[in-house]
2 protein chains.
Amino acid sequence: MAVKKTSKRDSRAGGPTIATSVYDQLRDDIIKGAIEPGHRLGTDQLRGRYDVGISPVREALNRLLAEKLVCFEDQKGFHVAGIGEEDLYDLIRMRCWAEETALRESMANATPEWEESIVLAYHRLSRTPRSAQSEKFEFNPEWEVLHLVFHTAFLANCGSPRLLAHCELLADQSKRYRQLAASISFPARSEGDEHKTLMDKALSGDVEAAVEAHHAHLRKTMEIIIHSGLSLPAGKIAV
Amino acid sequence: MAVKKTSKRDSRAGGPTIATSVYDQLRDDIIKGAIEPGHRLGTDQLRGRYDVGISPVREALNRLLAEKLVCFEDQKGFHVAGIGEEDLYDLIRMRCWAEETALRESMANATPEWEESIVLAYHRLSRTPRSAQSEKFEFNPEWEVLHLVFHTAFLANCGSPRLLAHCELLADQSKRYRQLAASISFPARSEGDEHKTLMDKALSGDVEAAVEAHHAHLRKTMEIIIHSGLSLPAGKIAV
DNA sequence: CACTGAAATATTTTCGAATATAGGGTCTAC
DNA sequence: GTAGACCCTATATTCGAAAATATTTCAGTG
């Protein structure tokens, strides 16, 4: 029943329209840094890159506007949102606020199922290598997914769809900075210990300690990005 | 230098493109309740309503998707976002969190200019009638603007562009509920006293008292909406 | 030589037609 | 009488060309 008689074009699951497909790809390309911050997103250029017409491209761009991944000016077109130290600082600060709230609520509503979901997410993450290669750093998509799941697990019990959605949006924005930094300076910190600390504090029920560990983790992320040699600022910031 | 030689079509200031114009109008119509929650936003219907082509309509709809004012499903088109008691509760809770943070930061960074902006905003608001008519309630756009300015004044000093933008987004979403409720039950509470309290507490420097007054104000807004007789829920909620 | 103004070019934005899909109704087969 | 498949219509989506706008180039003037 879930799978209908899909026809010709539908090679993707979930988003049959071209606009949605372009949206997903473009979003990925921006977050991964495949298209540089501040880069002009001309219609013809994108039309060629994804081999589609103008309409779906425009549709995708307008959706990304919402997420602050692209910026726009009437009659002048779209750009990839710029990056900057100021913006990164603001972003991390916002994450601290939002995730602190979500974490406190989640812990207040703690249930065995919630705790188990964290343990499970940690276990899976810890068994997956940070880098696809053992000698030098290489992007490992599997780890990236598990990492996101792990962090979301803490917040997922907060009971507020809006707050959770907002946290995820901010996490995506951070991801862009992180990917950009990683593409420059390889040796990522070993985050294993930090993640274990986060889990232990959250499961211990000590709210203040858990919040403090969370803040420290976020701040460290910011510092690593800033010290990665990533050239900042570049282009207009969207907000 | 700021004002260029604008040409023919530019009767509006700020947003010369048709898409932006439609975006503004449609946004207004949804917030005012001129188009009901859950209502189908068919392409032809909108094309006729605003007397434009398909492209600008679609562009506007995709932008509104970001603000959760419309919802969308692939191949099934757009709807005005639904409303519901659950969603209203979540919305107000989120506003409490976000505005509490912004208020605390604003007060921590307090300056004479900031305090003066609040006094000024209060004065202007207090001199403007809530209703356009003195006998029965009628929407007064002037008051609405001043009301928004007043509430924003408290938060504007928080120093975080993201947080401020987020608070404004939530305020817009609340406004839709408030307008819908107002269109049913006329006699709005006299908010004057509450606003004075908010101002006094904020200017006194007593952070905890100011936060408490703020929360109370938001909660009261929610209760009034719920008891207005507004039929809930209706249509799918966007989040 | 700098500066104004206007043609030329590149790009964005918009339109209307063409295509693909969803939802409903009907007709047959069992 | 009901279930299933098929067609038909209404609608969403997409395309490529046309119109509007920004940007660059270049000639002419003070």
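Letters A, B, ... are given to chains in the order of the sequence lines, protein chains preceding strands, and every chain is numbered from 1.
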(request) Within residues 45-53 of chain B, find the residues that approach DNA chain C with a heavy atom at under 4.0 Å, and present them sorted by residue number. (result)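 Correct list: B:V52, B:G53.
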
(message) List the residues meeting side-chain hydrogen bond (donor to acceptor under 3.5 Å, both in side chains) with B:E99, not counting sequence neighbours, and say none if there are none.
(response)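 In terms of side-chain hydrogen bond (donor to acceptor under 3.5 Å, both in side chains), with neighbours along the sequence ignored, B:E99 is linked to B:R95, B:H214.
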
(request) State which residues pass side-chain hydrogen bond (donor to acceptor under 3.5 Å, both in side chains) with A:R176; sequence neighbours excluded, sorted by chain then number. (result)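 A:R176 satisfies side-chain hydrogen bond (donor to acceptor under 3.5 Å, both in side chains) with no other residue.
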
(request) Would you mind telling me which of C:dA22, C:dC15, D:dC15 lies closest to the side-chain atoms of B:Q75? (result)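 Nearest listed nucleotide: C:dA22.
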
Write down the distance between [atom1] ([X]) and [atom2] ([N]), rounded to a whole number of angstrom.
X	N	atom1	atom2	value
B:L41	D:dA10	CG	C1'	17 Å
A:D74	D:dA20	CG	P	17 Å
A:I18	D:dG16	CD1	P	10 Å
A:E59	C:dT12	CD	C1'	17 Å
B:F78	D:dA12	CZ	C1'	9 Å
A:I54	D:dT14	CD1	C1'	11 Å

(request) Can you measure from CG (B:D74) to OG1 (A:T17) and round to the nearest 0.5 angstrom? (result)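 Nearest 0.5 Å value for the CG-OG1 distance: 3.5 Å.
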
Pair [X] + [Y]: basic N to acidic O under 4.0 Å:
X	Y	answer
B:K175	B:D172	no
A:R219	A:E223	no
B:R130	B:E142	no

Please enumerate all protein N or O atoms sitting under 3.5 Å from an N or O of nucleotides 9-11 of chain C, with distances to 0.1 Å.
from: C:dT11; atom 1: O3'; to: A:R40; atom 2: NH2; distance (Å): 2.7

(message) Strictly by ring-ring contact (aromatic ring centres under 6.0 Å, His included), give each pair with a member in residues 152-178 of chain B just once, sequence neighbours left out.
(response)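 For residues 152-178 of chain B, and leaving out neighbouring residues, the ring-ring contact (aromatic ring centres under 6.0 Å, His included) pairs sorted by first residue read A:H166-B:H166, B:F150-B:F154.
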
Considering only distance and modelled atom types, tabulate donor-acceptor pairs under 3.5 Å from the side chains of residues 30-56 of chain B, sequence neighbours left out.
from: B:R49; atom 1: NH1; to: B:D29; atom 2: OD2; distance (Å): 2.7
from: B:Y50; atom 1: OH; to: B:D29; atom 2: OD2; distance (Å): 2.7

